[in-house]
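Have a look at the structure below, then the notes.
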Protein chains: 2
Amino acid sequence: MNNTRFATVVHVLAILADNDGEWLSSDWIANSININPVMVRKELGTLQQRGLVITRKGKEGGSRLQKSSTEISLADIYLLVKNTEVLGKKNLNTNPQCPIGKQINKALDGLFAKTDELMLAYLQSITLEKFVKQFR
Amino acid sequence: MNNTRFATVVHVLAILADNDGEWLSSDWIANSININPVMVRKELGTLQQRGLVITRKGKEGGSRLQKSSTEISLADIYLLVKNTEVLGKKNLNTNPQCPIGKQINKALDGLFAKTDELMLAYLQSITLEKFVKQFR
DNA sequence: AATAACTGTAACAACAATTATTACAATTAA
DNA sequence: TTAATTGTAATAATTGTTGTTACAGTTATT
């Protein structure tokens, strides 16, 4: 991952957790992260799909957590933003005439699955609540 | 990490381990990965700096392992290619006027350090030899 | 009913990272 | 001397990421 999406989504959820029950606008949230509100709305869209937040449109609209922060883990966030494996991408088109070229991607798949599993298990153990506690 | 460098370097080393003692040219190696030989030479350059391979210039030149494949671990490779944290980049410029914005990066640093540690510990346990065994 | 404050999303622009390629000087074995 | 190689600079091509503008649709408030 070479992007800021994990950091952004954690930030968004931390703010929502810190203001539990209130409807916060994308503008307000974006102001804390210092990014464009449209980026925030995009992430909130995915968070909604996954049932982590609810959003209300129109005046006085905004978003808030749909689950308790004890029921959200960093693994949920990771799964939401993950686009490549932890160790990066494979070389597709390796040469099948070479024994290594032929088999390496199967071996990498196995490795990548393990590292992913490891990461998920750890992130699952950290709830949003636990993470946000650090800010108090 | 959003690139193929880990996969590439693993591939390069797997080939060298599989042809232990022989001097393999960057062209030969590139042919198995199906990438440009210059890319291979670049990675070999770093591998040399770290003392993992030796390279000989000129006709009949090429590269081979400098250490036994039992003394090289996937963690060595990971450290070589790592450019961002496992969970991505932070948002710099968060708003210091917001309590979350002010403190989040410190919290993320802690988290990123843990995930990195976890990953390294696992990768250290896998030697090149062990990895290459899968191809036999 | 009108207004103001929102969300959702498309379209696109700007920027950054990654990968590929060309070219050639320097090195070395035969 | 020649042929095969590395090392590396320069740059092009491609892909990924982030930012921005614009505006239709929604909703609370008056």
Side-chain angles (χ1 to χ4, degrees), chain A residues 1-9 11-12 16 19 22-31 33-50 52-64 66 80-85 87-95, chain B residues 1-9 11-12 16 19 22-31 33-50 52-64 66 80-85 87-95:
Chain A
M1 286 216 297
N2 206 17
N3 59 33
T4 53
R5 291 189 62 212
F6 183 87
T8 299
V9 176
H11 198 141
V12 168
L16 293 178
N19 295 275
E22 293 176 52
W23 297 96
L24 304 182
S25 74
S26 61
D27 241 75
W28 196 96
I29 298 168
N31 181 59
I33 313 180
N34 233 316
I35 61 174
N36 196 291
V38 175
M39 302 298 286
V40 173
R41 294 208 282 277
K42 282 174 187 167
E43 297 300 351
L44 284 169
T46 321
L47 285 165
Q48 267 186 96
Q49 283 171 24
R50 305 276 175 125
L52 303 182
V53 309
I54 339 174
T55 292
R56 209 164 61 166
K57 289 179 186 170
K59 193 173 181 188
E60 309 287 292
S63 302
R64 58 175 192 174
Q66 183 158 31
L80 192 107
V81 302
K82 177 170 186 284
N83 57 357
T84 50
E85 308 292 329
L87 297 175
K89 293 185 286 201
K90 281 168 286 191
N91 288 295
L92 312 171
N93 311 318
T94 51
N95 187 346
Chain B
M1 284 214 300
N2 207 17
N3 58 32
T4 54
R5 291 190 62 211
F6 183 87
T8 299
V9 175
H11 198 141
V12 168
L16 293 179
N19 296 276
E22 292 176 52
W23 296 96
L24 304 182
S25 74
S26 61
D27 241 76
W28 197 96
I29 298 168
N31 182 58
I33 313 179
N34 232 316
I35 62 173
N36 196 290
V38 175
M39 303 298 286
V40 173
R41 295 207 282 276
K42 283 176 187 166
E43 297 300 352
L44 284 168
T46 320
L47 285 165
Q48 267 186 96
Q49 283 170 23
R50 306 274 176 128
L52 303 181
V53 309
I54 341 177
T55 292
R56 209 164 61 167
K57 290 179 187 173
K59 193 172 179 188
E60 308 287 293
S63 302
R64 59 175 191 173
Q66 182 159 30
L80 192 106
V81 304
K82 177 170 187 284
N83 56 358
T84 50
E85 306 294 329
L87 297 175
K89 293 185 285 200
K90 281 168 287 189
N91 289 295
L92 311 172
N93 311 318
T94 52
N95 186 347

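Residue numbers begin at 1 in each chain, while the letters A, B, ... track the order of the sequences. Reckoned from all heavy atoms, side chains included, excluding hydrogens, waters and symmetry mates.
The nearest whole Å value for the distance from the CZ atom in A:R64 to the P atom in C:dC6 is 17 Å. Whole-Å rounding puts the B:L44 CG to D:dG7 P distance at 7 Å. For the pair A:E43 CD and D:dG19 P, the computed distance is 11 Å after rounding to whole Å. Distance A:L24 CG to C:dT7 C1': 14 Å, rounded to the nearest Å. Atom CG in B:D27 sits about 7 Å away from atom P in D:dT6, given to the nearest Å. If you take NZ of A:K57 and C1' of D:dT27, they are 10 Å apart, rounded to a whole angstrom. Taking atom CZ of A:R56 as the reference point, atom P of D:dT26 lies 16 Å away to the nearest angstrom. Per the geometry, CZ belonging to A:R41 stands 18 Å off P belonging to D:dT18, to the nearest Å.
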message: For a side chain to side chain contact (heavy atoms under 4.5 Å, CB included) check, start with the C-alpha distance between B:R50 and B:L52, then their side-chain angles and the critical distance, and finish with the verdict.
response: CA-CA 6 Å; B:R50 306 274 176 128; B:L52 303 181; 4.2 Å; yes

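When side chains are defined from C-beta on, B:T55 counts as touching B:S63, because their heavy atoms get closer than 4.5 Å.
Here the straight-line distance linking atom CG of A:N83 with atom CG of B:N2 works out to 5.5 Å at 0.5 Å rounding. Note that the CG atom of A:N95 and the CD1 atom of B:I29 stand 13.5 Å from one another [nearest 0.5 Å]. The line from NZ of A:K42 to CG of A:L47 is 14.5 Å long, rounded to the nearest 0.5 Å. Atom-to-atom distance recorded for A:W28:CH2 and A:I33:CD1 is 10.5 Å, nearest 0.5 angstrom. Here the OG1 atom belonging to A:T4 is positioned 12.5 Å from the NZ atom belonging to B:K90, to the nearest 0.5 angstrom.
Looking at the side chain of A:V38, the nearest of the listed nucleotides C:dC6, C:dT22, C:dT9 is C:dT9.
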Between the protein and nucleotides 17-20 of chain C, which nitrogen or oxygen pairs come in under 3.5 angstrom?
| unit_1 | atom_1 | unit_2 | atom_2 | d |
| --- | --- | --- | --- | --- |
| C:dA17 | O3' | A:N2 | ND2 | 2.8 |
| C:dT18 | OP1 | A:N2 | ND2 | 3.1 |
| C:dT18 | OP1 | B:N3 | ND2 | 3.4 |
| C:dT18 | OP1 | B:N83 | ND2 | 3.3 |
| C:dT18 | OP2 | B:N83 | ND2 | 3.4 |
| C:dT19 | OP1 | B:T4 | N | 2.9 |
| C:dT19 | OP1 | B:T4 | OG1 | 2.8 |

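B:S26 comes within 4.0 angstrom of sugar-phosphate atoms only, judged by non-hydrogen atoms across all strands, and of no base. At the heavy-atom level, A:G62 lies under 4.0 Å from the strands shown only through sugar-phosphate atoms.
OP1 or OP2 of D:dG7 sits under 4.0 Å from a side-chain N or O of B:Q48.
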